[in-house]
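Everything below concerns the one structure shown next.
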Amino acid sequence: MSKIKEIIIGTNNEGKYKEICSLLPNEIKKYSPKQFGILTPEEIGTSFEENSFIKASYFSKKTNLICLSDDSGLEIDLLKGEPGIYSSRWSGEKNNFNLAIKRIFEKMNNIKKDWKNDNVAKFICCLTLFWPNGKNYLSKGIIKGRISTKKKGKNGFGYDPIFIPDGYSKTFGEMKSVLKMSIDHRFKAFRKIRKFFI
Ligand code: IMP
């Protein structure tokens, strides 16, 4: 199998773009949709898998490059899996995660008074590799944890300040990025497609 030498990373989300770049070997030439002036397609799928596939096939067809795309999000058991595939959309047009996090706290407080020590959440990531000839490969990674009652830490992006992975007492937002990126949902999904690059 010949290894991938150049790739478009199918996301316009800066946080994800950085994480995916750092998972890939340095010598691979990486492009972003921004460099081609391509906007993200509408995510009309009903699952992480479908939305990841929609983005990968779209960016690959537009550029004739192999595309690696990510669809990911946070599922909270108390909220019956919300925000889920709507994780990005909860932050509104301005990507304001203070608002999204406020909404999570409000909803959780409405359902249960004291959820501090008794709540379950998980981050999910679906990565799709799509080749211009239509070949594709999908892989999924999950990290389980819980929601912190307060936002903590300035590292990372999105919901990182409120997610505490199982086995740790710090939120992703408080962790050094190298640690987060060596245990998270994206890393777990990437492990299964590493063979195409290295
Ligand atoms: P989408 O995959 O572009 O629909 O966006 C996924 C959204 O899920 C992001 O905008 C983040 O809000 C959230 N998300 C996914 N992965 C992470 C992560 O590693 N840390 C924090 N938030 C994440």
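Read the numbers this way: they start at 1 and go in the same order the structure lists the ligands and their atoms.
- Put simply, part of Asp71 is less than 4.0 Å from ligand 1, judged by heavy atoms.
- Open room surrounds CZ on Arg194; 12 or fewer heavy atoms of other groups in view lie less than 6.0 Å from it.
- Counting protein heavy atoms only, atom 15 (C) of ligand 1 is closest to Ser72 OG, 3.1 Å.
- For Ser72 and Asp70, the side-chain atoms include at least one donor-acceptor pair closer than 3.5 Å.
- Here the protein heavy atom with the shortest distance to atom 4 (O) of ligand 1 is Glu43 OE1, 3.1 Å.
- Atom CG in Asn119 sits 6.0 Å away from atom CD1 in Ile147 (nearest 0.5 Å).
- Within 6.0 Å of the NZ atom in Lys116, the count of heavy atoms belonging to other residues, nucleotides or ligands does not exceed 12.
- Scanning the protein for heavy atoms near atom 5 (O) of ligand 1, the closest one is Ser88 CB, 3.4 Å.
- The nearest heavy-atom contact from the protein to atom 9 (C) of ligand 1 is Asn13 ND2, 3.9 Å.
- Taking atom 20 (N) of ligand 1 as the reference point, the nearest protein heavy-atom neighbour is Asp160 OD1, 2.6 Å.
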Which side-chain N or O atoms in residues 161-170 pair as donor and acceptor under 3.5 Å with protein atoms at least two apart or in another chain?
none

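- Protein heavy atom at the shortest distance from atom 19 (O) of ligand 1 is Lys180 NZ, 2.7 Å.
- Considering both main-chain and side-chain atoms, Tyr159 comes within under 3.5 Å of ligand 1 through a nitrogen or oxygen pair.
- No heavy atom of Phe172 sits closer than 4.0 Å to any atom of ligand 1.
- For atom 1 (P) of ligand 1, the closest non-hydrogen atom on the protein side is Lys16 NZ, 3.2 Å.
- In the model, Asn98 has a side-chain atom that pairs as donor or acceptor with a side-chain atom of Lys151 under 3.5 Å.
- Side-chain atoms of Asn12 and Thr40 form a donor-acceptor pair, as typed in the model, at a separation below 3.5 Å.
- For Lys192, the NZ atom sits in a packed shell: over 12 heavy atoms of surrounding residues, nucleotides or ligands are nearer than 6.0 Å.
- Residue contacts with ligand 1 include His185, since one or more of its heavy atoms lies under 4.0 Å from the ligand.
- Ligand 1 has an N or O atom lying under 3.5 Å from an N or O atom of Arg186, backbone or side chain.
- Gly156 does not count as a contact of ligand 1, since none of its heavy atoms falls under 4.0 Å from the ligand.
- Under the 3.5 Å distance criterion, the side-chain polar atoms of Asn51 are matched with a main-chain donor or acceptor of Gly45.
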